[in-house]
Structures are given as C-alpha cells and as structure tokens.
Amino acid sequence: MSRHLKIAAAQLGPLHKADNRAVATRRLVNLLKEAHGMGAKFVVFPELAFTTFFPRWWMEDQAEVDRKYFESTVPSPETQPLFTEAKKLGIGFYIGYAELTPDKHRYNASILVGPDGSIVGKYRKVHLPGHAEHKPKAAFQHLEKKYFEVGDLGFKVWRFMGTVTGMLICNDRRWPEAFRVLALQGAEIVALGFNTPSENLHYPEPPALRVHHHLIMAQAMAFQNATWLVETAKCGYEDGFRMFGHSVIVAPTGEIAVKSQTEEDEVILYNCDIDLAANLKRTMFNFAAHRRPEHYRLIVERVGAEVTPANEEKK
Ligand code: CDT
C-alpha cells in the first residue's frame, strides 16, 4: 500500500516593517488552522516567515537589525503560539527565520518541527544571493551576503512523519547540486520557503519570465530527483516592493499538483503519494545503475566556469 501524506504550502502575503513578530505569528497560526481544516499533516511556511524581507534594506545599526529581525531563540515568547497550536493539532511544519546564534553568527535558517512539537532538524541556507555592499542607486537592495553567513550544516535529510524529508531555502532552488545531494540521501520530500522579488535587481526582465523560471526549475528539480517538492512564497507588495506568489506542490513526475492563485495569505494542499516515484527510482533515475560520478569531478573541483576546450588542453 502506498504511503500518503497531506501536505500544505501556507503562503504568506506581505509582512511590512511595522508588523512585529506577534502579528506575523497570529497570521501563521490562522494559516495553520486553515491547513488543519483541509486535513494537512505537514505544513510548509515561507523563508524568513516572522518578519518582512529585511535584506531589501541597507541598515547600519546591527544591534537594531538583530533586535527587529533575528531570532536568538526559537520558539521565542512571541513565536511560541505557532509551536503550541501545531503541537495541539498534531501537525508537523517547516519554517524559515533569521537565526542569531549565542556566539553572534547569523544565518538564514529553517527548521523541521515534528507533530509532537520537537525540533527534528535545522538547515542554514547555503546559496546566498545578492550583494554585501550598498547600492544607493538601486530601487531596492538584496543584502543577503551582508546580513548572513553561508550555512555550515550542509544539505541533510531527516526521517520525518514516515518519509525522508530534506530542507532548502529560496535561492537554493536554482542550484541542481543542492537537490542532487538531498536525492542521494534518499529525499522523498524537499521543503523550501522563498521570497523572490518580481523585479530583477540586476537587469531588466519581465516579471512573467521570473515566474516562468521559478516554475520550470521546480518541475525539473522534482522530476530529475524523483521527489515531491513543496515551495512556499512570502509575496505581494511588502512596503511597496512586490514579490511573486506561485507557491507550488510538485509531484516526482514533474507535474504541478497544486499552485497558489493569489499574492496573499493562502493555503494550498495535496494528498501526496510518497511512493509515486518508486518506478522512476527503479528505472530512469536509478542512480546506482546509471550515475557516473567519475565524470562529474569538475562539479566539486571548480566553482566558476572557465573556458577549457579539449583541443586546447596542454599535451
Ligand atoms: N530570497 C532569495 O533567495 N531570493 C532570490 C532572489 C534572487 S535575485 C537577487 C531568489 O533566488 O529567488
């Protein structure tokens, strides 16, 4: 008999600078209750879900940034209601937040919380997009390289609610290597929260094209790694800056099972057949039978592309 899990993506509309963690938590609890009403057992919330997407702002007072946007404990008194309600309802969840460690390291992090309220796993974002320096002429900033360190926990999976589940965060979804490392550890579900500006900071690009890339990446990553993929947005106009929605649950077939319709608080749900990919894993994507890592060495040895034509190699 196939294993099924009812998974929800609980998308958040905008959280403005003026919205504190208590406001965010109330909305998260409402989404959780709505997901529970739909039958959800596992709920995926967005990246940096307790605050506005603060890396869009250049801020110099780090103590104030820490106070307003970073969590030194999870849960904290303000965020506790989400954890209490989830435990009461017997729901497991993924949530992203800005982590401040006791020795003052800062990460863009996510946790996996079991239906019994225990924290099962933690991930710290590896692929930090954007820049570290102030761009005063830009309409907005993308300062993840200023506010966060590169995650130091690697890409891991956990036994979770009868499945094998891995976590990624936002920009990681653009890097096939991240998914493959999870798939090589048996990932059956990948949970990922995101905040993606509709406007490209670096060069002009139609917003529809950005959504197109988001969707084709999600479909390709799920299929090529034979895994369920749940991607949840924080979206809408946050303090005037738009981020797109299009939260999705993608099947291991590469098909979009369900997709959000708004750029507001919205829950989508799918009853995921966790064993759906069994045939795919035995055949086309039978890694043990078909992968050739001896030919993939450049993947780990080289970071940037270098033009190295075979006919110009030194003899
Ligand atoms: N949050 C996050 O990682 N957002 C990035 C924006 C990239 S443009 C600088 C993303 O990949 O969606």
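In listed order, ligands and their atoms are each counted from 1. Just so it is clear, the values below take in all heavy atoms, side chains as well, and ignore hydrogens, waters and symmetry mates.
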For [atom], what is the nearest protein heavy atom, given as residue, atom name and distance?
atom: atom 6 (C) of ligand 1; result: His142 CE1, 3.5 Å
atom: atom 12 (O) of ligand 1; result: Thr196 OG1, 2.6 Å
atom: atom 11 (O) of ligand 1; result: Arg174 NE, 2.6 Å

Nearest candidate to atom 4 (N) of ligand 1, where distance is taken over non-hydrogen atoms, out of Leu128, Asn108, Asn200, Asn195: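 Among Leu128, Asn108, Asn200, Asn195, the closest heavy atom to atom 4 (N) of ligand 1 belongs to Asn195.
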Shortest reach to atom 2 (C) of ligand 1 by a heavy atom, considering only Cys170, Gly96, Pro55, Pro197: Cys170
Which bit of [X] gets closer than 4.0 Å to ligand 1, counting heavy atoms only: side chain, backbone, both or neither?
X: Glu199; value: neither
X: Phe53; value: side chain
X: His127; value: neither
X: His214; value: neither

Are the side chain of [X] and the backbone of [Y] linked by a donor-acceptor contact shorter than 3.5 Å?
X: Glu312; Y: Ala310; answer: no
X: Asp172; Y: His127; answer: yes
X: Lys156; Y: Gln185; answer: no

Closest contact, heavy atoms only, Phe83 versus Pro75: CD1-CB, 3.5 Å
Heavy-atom pair with the smallest gap, counting every atom of Phe148 and Ala98: CE2-CB, 4.0 Å
Please list, in number order, the atoms of ligand 1 under 4.0 Å from a heavy atom of [X].
X: Glu47; result: 1 (N)
X: Lys125; result: 1 (N), 2 (C), 3 (O)
X: His202; result: 9 (C)
X: Pro129; result: 2 (C), 3 (O), 5 (C)

Ring-face cation contact, Phe244 with Arg210, 6.0 Å cut, 45° max: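 No, Arg210 does not sit over the ring of Phe244.
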Trp228 vs Tyr270 side-chain heavy atoms within contact, under 4.5 Å: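 The answer is yes; the side chains approach within 4.5 Å.
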Distance-only N or O hit between ligand 1 and Arg210, under 3.5 Å: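 By distance alone, the answer is no.
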Nitrogen or oxygen atoms of Glu144 and ligand 1 under 3.5 Å apart: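 Between Glu144 and ligand 1, an N or O pair is found under 3.5 Å apart.
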Option from Arg106, Lys122, Lys104, Lys125 for which salt bridge (Lys or Arg N to Asp or Glu O under 4.0 Å) with Glu99 holds: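 Going through the options one by one, the only one that passes is Lys122.
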Working for ring pair (Phe, Tyr, Trp, His ring centres under 6.0 Å), residues Tyr94 and Tyr123: CA-CA 10 Å; Tyr94 159 113; Tyr123 170 66; 8.7 Å; no
NZ/NE/NH1/NH2 to OD/OE distance under 4.0 Å, Arg180 and Glu177: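 Here Arg180 does not pair with Glu177 in a salt bridge, since their nearest N and O are not under 4.0 Å apart.
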